[in-house]
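This report concerns only the one structure given below.
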Amino acid sequence: MATQTDIIAYVSAFDAFPSHTKAYNGFYIGAMQRKPGVKVKLAVVNTFIDKLVERKVTEKLIEQGVDCIVSQVNDITVNAVANSVGGYL
């Protein structure tokens, strides 16, 4: 796993949809199998496309030491913000 801080995150549009919950659970289980003890943060933005909210959430995660971010939203803002500070994907 590419994390140096052992803190990774999953940004989801919603947590009420079974497909989003299953995707996060798979990410979490895979992360724990690959690197036991890694801290996995879940950020839910409650929208499919809101660039401002996605930007703020991503910036906050990075400030908290997250160095690997996966997103399940219908926009590339999370990826763009993460890439702008060194490719946190």
Side-chain angles (χ1 to χ4, degrees):
M1 185 176 294
T3 179
Q4 301 298 314
T5 64
D6 288 346
I7 307 170
I8 62 177
Y10 188 92
V11 179
S12 180
F14 294 96
D15 60 356
F17 296 132
S19 62
H20 289 230
T21 304
K22 288 177 183 178
Y24 168 73
N25 288 341
F27 175 74
Y28 179 86
I29 291 167
M32 289 298 162
Q33 287 180 343
R34 182 76 172 127
K35 194 163 191 177
V38 69
K39 185 173 183 178
V40 182
K41 293 181 174 259
L42 172 63
V44 180
V45 295
N46 292 313
T47 180
F48 280 115
I49 300 176
D50 187 328
K51 294 180 182 198
L52 182 59
V53 171
E54 293 170 22
R55 174 175 293 283
K56 286 181 180 181
V57 166
T58 306
E59 289 171 346
K60 185 172 183 174
L61 289 169
I62 292 168
E63 288 172 7
Q64 294 172 354
V66 172
D67 65 352
C68 180
I69 301 174
V70 172
S71 68
Q72 185 179 19
V73 293
N74 291 348
D75 184 78
I76 63 166
T77 301
V78 173
N79 298 10
V81 171
N83 281 332
S84 73
V85 293
Y88 285 76
L89 301 174

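Keep in mind the model is a prediction, meaning the values are calculated, not measured. Nothing fancy with the numbering, it's 1 onward along the sequence.
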Query raised in the report: Are more than 12 heavy atoms from other residues, nucleotides or ligands located less than 6.0 Å from atom CG of Leu42?
Result: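 Correct, the count exceeds 12.
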
Report task. Indicate the atoms forming the closest heavy-atom contact of Val40 with Ala31, along with that distance. Result ->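 Between these two residues, the closest heavy atoms are CG2-CB, 4.1 Å.
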
Report summary line: Applying ring-ring contact (aromatic ring centres under 6.0 Å, His included) to Tyr28 and not counting sequence neighbours gives none

Exercise answer: donor-acceptor pairs, residues 7-19 side-chain atoms, under 3.5 Å, sequence neighbours excluded:
residue: Tyr10; atom: OH; partner: Gln72; partner atom: OE1; Å: 2.6
residue: Ser12; atom: OG; partner: Phe14; partner atom: O; Å: 2.7
residue: Ser12; atom: OG; partner: His20; partner atom: ND1; Å: 3.1

Without placing hydrogens or testing angles, list every side-chain donor-acceptor pair under 3.5 Å for residues 54-61, not counting sequence neighbours.
residue: Glu54; atom: OE2; partner: Asp50; partner atom: N; Å: 3.3
residue: Thr58; atom: OG1; partner: Glu54; partner atom: O; Å: 2.7

Query raised in the report: Is there a side-chain contact between Ile49 and Val73 (heavy atoms, below 4.5 Å)?
Result: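 No; the side chains remain at least 4.5 Å from each other.
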
Report task. Please check if the side chain of Asp67 supplies one atom and the backbone of Thr5 the other of a donor-acceptor pair under 3.5 Å. Result -> yes

Query raised in the report: Of Asn83, Val70, Ile69, which is the lone residue that meets side chain to side chain contact (heavy atoms under 4.5 Å, CB included) with Val78?
Result: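 Running side chain to side chain contact (heavy atoms under 4.5 Å, CB included) over Asn83, Val70, Ile69 with Val78 returns exactly one hit, Ile69.
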
Query raised in the report: Going through the distances and angles, do Asp6 and Lys39 end up as a salt bridge (charged side-chain N to carboxylate O under 4.0 Å, His left out)?
Result: CA-CA 6 Å; Asp6 288 346; Lys39 185 173 183 178; over 6 Å; no

